[in-house]
Amino acid sequence: MLQPMSQFDDHDAFEAAARPSLSQRAMTGRAAPYLDGLNPAQRLAVETLDGPVLLLAGAGTGKTRALTTRIAHLLMQGRATPGRILAVTFTNKAAREMKERVARLMGETVEGMPWLGTFHSISVKILRRHAEMVGDGQVHLKSSFTILDTDDQIRLLKQLIAAENIDDKRWPARMLAGLIDDWKNRALTPSRVPEGESHAYDGKGAKLYAQYQRRLLELNAVDFGDLLLHCVMIFQAHPDVLAQWQDRFRYILVDEYQDTNVAQYLWLRLLAQAHRNICCVGDDDQSIYGWRGAEVGNILRFEADFPGAQVIRLEQNYRSTPHILAAASGLIAANKGRLGKTLWTEHTEGEKVRLIGHWDSEAEARWIGEEIEAFHGGHRHSVGRRSLNDIAILVRASHQMRAFEDRFMTIGLPYRVIGGPRFYERQEIRDAMAYFRLAVSPTDDLAFERIVNTPKRGLGDKAIQTIQREARAEGLSLLEGAAAVVASGALTGKGAANLRQFTQFMGRWHADALDSTVNHVELAERILDESGYTAMWQNDRSPDAPGRLDNLKELVKALEEFDNLQGFLEHVALVMDASESEQAEEVSIMTLHAAKGLEYPIVFLPGWEDGLFPSQRSMDESGLKGLEEERRLAYVGLTRAEKLATITFAGNRRMYGQWQSSLPSRFIDELPEEHVEVLTPPGLYGGGFGAAAQVMGQPFAQSAMHDRASRADVYNSPGWKRMQERAAVRPAPSHRPPIVIDAEPAARFAVGDRVFHQKFGTGSVMGIAEDTLTVEFPAGFKTIKAAYVQPASDAASDDAPF
DNA sequence: AATACCTTTGTTTTT
DNA sequence: CAAAGGTATT
């Protein structure tokens, strides 16, 4: 079934209007003003329009500028009209930014780039036009397909797993969702899943995958992975369709190419293989999504994939000071198999990367809080007085955020967490969306399941099963099945009455949703009120109920921007990020992953401890590859900083309710020392035991114990010793042994210490929790109070570096 | 059917 | 330690 070419008429009228002025400008032959200020490499990237181009753009080298100017150039040169340029990004944010910047470059002459968007949003557009090509002889996808969210996906998989009599405790639905996602990322359809990977789920992994795909088809739904995969399958099976799109997209641009997975790679290669006008921008050193299926190999292999490709390197960095750049470059140099770039900058000024260790994660948060207050108050002249918006804290794992949130809350420092639970992923929003979905398409069984009993309508498992049985038997949707059950009287009591009311309301809402004279915003409000959903939260006494009501209001408000509910639902399925229009002065806290693509004058990088960063799990699961990805993450973190980067680590960290001690990150050792300044933690005093103990009003003996503890773990690692030596070259605050003041009384021992116990003899410490230790004695493991053991006799003599 | 208690289990995340 | 999920209770 071939679509006529007229399907491509979206912007033709507009293009016709724009064309004369474009060619006029091209004919003048004068250098275009938008090219001004580009460096030679950027200019080459902009002007090399034909054939494959790989643009290796290091951090802060003006990548987006090159990309957007290239688009402007294509348009200005009359090479292509906006509708014939395909420009793909990973995130909506990146797409939005590019659109804005292209628009700015072009002045008001260009209205829009219809094919500038994320892989997924572009795939939806393509897939809607060929939906019927997906499926088998019996069922096929319809153009009106819905896009599942993760909740729906899990719910569906749970049902399938249960139907196969598989214990979903051993094999959770979540995990299967992950597997399927992984397969889709690798462009593997159920029949192509390698033998060895079906072991899970009693050997039924691939079978469940096939059943899942089948169910999706029946539900006229797709998941995120399908958007790409279906497109690839269509392109491969229908050369005529592929040819249309190849002809359509004369020029292809790809952002963040290092993050593409196999499916995306195939998608791009298919579209580009005819004319080969593809320009991929990326940085192999910033590939940090390997765990999600991204293939660094794609970028490393580019020249082999596209013979004759021109490789252009953007190496002049406009973002960071020389020390930051050098520190980051030195670190990333430890990775093997890089394409290699040498970042340089014209800047000459700037502070070194600062490094500081703390006793524990609370001290770390406290110190960073004080630093931020100092920057904000202008007490730090090197960087001047700073807005809180200039400051970011980048963590490896989101649980690290808590220490900062707690601390900032108590000192009243405004902060914002970026990339936390997203607006459209909140429970109340998803519930409301399910109501809207069902009103728009009454056959959306997944939406039905989500909300039949939300708010509680007295419908339990038994009632739901009755409805499902009825629906299956009669070939009806669940909503229709529910109506049938109500009519037949198969259900009685309160549940039946509520269900009747529910189906009646839903019928009315559906009619109203189709009625263009009914205002969709008012309809949405009415749905939430009449269903009792709003009331449910109003009656909820839990502390977050008011917030949820606010969110619902915000949701309704967001509806105003759309013409109808359908349009809104489509938008939300793809654009899962909420309006982030906060302009208050706030410190930003986010994960390193969330920080990619952002920049801040002042950056704090806490938690550089082995096991946390690099993460133990990464290394266990992916070995050297994992470690290298962690290192790239460190590189990304450092290169976010414009003026000042501060790396921090803590000797003890509360994890899963237990105090764990740890060593400074191996990445710290890898930093080139001439670009690092080692700071002395405030808890370490040079004034001698007595003085420090007096200052802090603590008993002498306890201070002495802290001192020992501090040396035993953190400050006794090779990395710390080296750092200490470097610090010693500079005027040191003191030559006296520094001691830690605010130590945990319990933690005078570190993992690995030899200890002596009256009854059990000598053993080594395996774990530390508050004031108890887990110790391996000859007799076995024992958990005992720290007070009952003492350091095995001579331990102190060989670990006194100071 | 809904609540109260107990067990388990803990990276990174877009679309 | 806290959140989430499952089980036991009413």
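Naming convention: chains lettered A, B, ... in sequence-line order (proteins, then strands); numbering from 1 in each chain.
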Would you mind telling me which of A/W267, A/W115, A/F235 makes a ring-ring contact (aromatic ring centres under 6.0 Å, His included) with A/F249? A/W115
Measure from the side chain of A/R292, starting at C-beta and using heavy atoms only, and say which of B/dG10, B/dA1, B/dT13 lies closest. B/dT13
What is the distance, rounded to the nearest whole Å, between atom CD of A/E629 and atom C1' of B/dT12? 9 Å
Selected nucleotide, minimal atom distance to A/E425 side chain, candidates B/dT3, B/dT15, B/dA1: B/dT15
Between A/E256 and A/Q258: side-chain donor-acceptor atoms closer than 3.5 Å: yes
Tell me whether the side-chain N/O atoms of A/N453 come closer than 4.0 Å to OP1 or OP2 in B/dA1. no
State which of C/dA2, B/dT12, B/dT15 makes the closest approach to the side chain of A/T118. B/dT15
Between P on C/dA4 and CE on A/M175, what's the gap in Å once rounded to a whole number? 21 Å
Can you confirm if the aromatic rings of A/F649 and A/H358 lie within a centre distance of less than 6.0 Å? no
Choosing from B/dT15, B/dT12, C/dC1, which nucleotide comes nearest the side chain of A/Y656? C/dC1
Rounded to whole angstrom, note down the C1' distance from C/dG6 over to B/dT11. 25 Å
Taking atom types as they are modelled, is there a donor-acceptor pair under 3.5 Å from the base of B/dT15 to the side chain of A/S123? no
Expressed in angstrom and rounded to an integer, what is the separation of A/H593 atom NE2 from B/dT11 atom P? 14 Å
Within the 4.0 Å heavy-atom criterion, would you say A/D461 contacts the bases, only the backbone, or no part of the nucleic acid? sugar-phosphate
Under 4.0 Å between a side-chain N or O of A/T591 and OP1 or OP2 of B/dT13? yes
In whole angstrom, give the distance that lies between atom CZ of A/R174 and atom P of B/dG10. 12 Å
With the side chain of A/A463 defined as its heavy atoms from C-beta on, choose the nearest nucleotide among B/dT3, B/dA1, B/dT11. B/dA1
Under 4.0 Å between any heavy atoms, over every strand shown, what does A/R632 touch: base, sugar-phosphate, or nothing? Just pick one. nothing
When rounded to whole Å, the CD to C1' distance for the pair A/Q660 and C/dC1 reads 12 Å
Among B/dT13, C/dC1, B/dT12, the one nearest any side-chain atom of A/A397 is B/dT12
Can you check whether A/F613 and A/F667 have ring centres sitting under 6.0 Å from each other? yes
Earlier contact from the 5' end, DNA chain B, for A/T91 and A/E621: A/E621
From the candidates B/dT11, B/dT12, B/dT15, the one with an atom nearest any side-chain atom of A/S618 is B/dT11
Taking only side-chain N and O atoms of A/S398, does any of them lie within less than 4.0 angstrom of OP1 or OP2 on B/dT11? no
Whole Å only: how far is the CH2 atom of A/W608 from the C1' atom of B/dT12? 16 Å
Heavy-atom check, side chain of A/L446 versus side chain of A/R437, under 4.5 Å: yes
When the P atoms of B/dT12 and C/dG5 are compared, how many Å lie between them, rounded to an integer? 16 Å
What nucleotide, of B/dT15, B/dT11, B/dT13, holds the atom closest to the side chain of A/N92? B/dT15
Describe the nucleic acid contact of A/E630 in one word from base, sugar-phosphate, nothing, applying a heavy-atom distance below 4.0 Å. base
Between A/E428 and A/N551, do the side chains contain a donor N or O and an acceptor N or O under 3.5 Å apart? yes
May A/F90 be described as stacking on the base of B/dT15, applying a 5.5 Å centroid limit and a 30° limit on plane angle? no
Within this structure, what is the CE-to-C1' distance between A/M401 and C/dA2, rounded to whole angstrom? 17 Å
Separation of B/dT15 P from A/D149 CG (nearest whole Å): 14 Å
Are A/T648 and A/E364 linked by a side-chain donor-acceptor pair shorter than 3.5 Å? no
Any donor-acceptor N/O pair under 3.5 Å between B/dT12 base and A/R396 side chain: yes
With the side chain defined as heavy atoms from C-beta on, A/R402 is closest, among C/dC1, C/dA2, B/dT11, to C/dA2
